[in-house]
Amino acid sequence: MKQAARRTLSALALTFALQGCGTSAPGSADGLRRVVGTDLIGAQGATPEDQRKIDRTVVGICAAAVWTKAECIRHGEARQ
């Protein structure tokens with residue numbers, strides 16, 4: 001469970017870092033907050049509640065097509 005949380009956090013950090021490399025800025029901080037949410041704050045993957053927070057964050061990222069379908073599927077496979 002901790003390894004999946006670390007991968008999720010690493011992927012999020014990479015996503016945010018790469019957004020700064022693009023030619024266009026994010027629409028708004030509020031828009032990004034609506035996609036990513038605030039559930040991840042403080043989650044470490046150490047408890048079932050932490051994992052639910054991570055999963056809720058991933059749902060928003062996948063729904064907004066920030067990650068590819070394959071990446072979203074890989075997250076689900078890592079949880080099983």
Report task. Kindly determine whether Gln51 and Asp55 satisfy side-chain contact (heavy atoms from CB on, under 4.5 Å), including the steps that lead there. Result -> CA-CA 6 Å; Gln51 190 59 50; Asp55 291 342; 3.1 Å; yes
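Annotation: side chain to side chain contact (heavy atoms under 4.5 Å, CB included) contacts of Arg33 (sequence neighbours excluded): Thr38. Take Ala64 and apply the side chain to side chain contact (heavy atoms under 4.5 Å, CB included) test, not counting sequence neighbours, and it matches Val35, Val66.
Of all non-hydrogen atoms in Ala43 and Ile54, the two that sit nearest each other are CB-CG1, 4.3 Å. Of all heavy-atom pairs between Gln44 and Asp50, the closest is N-OD2, 3.1 Å.
Within the 3.5 Å criterion, the main-chain N or O of Thr57 finds no donor-acceptor partner in the side chain of Asp39.
Of the inter-residue distances, the one linking Arg52 atom CZ with Thr47 atom OG1 reads 7.5 Å to the nearest 0.5 angstrom.
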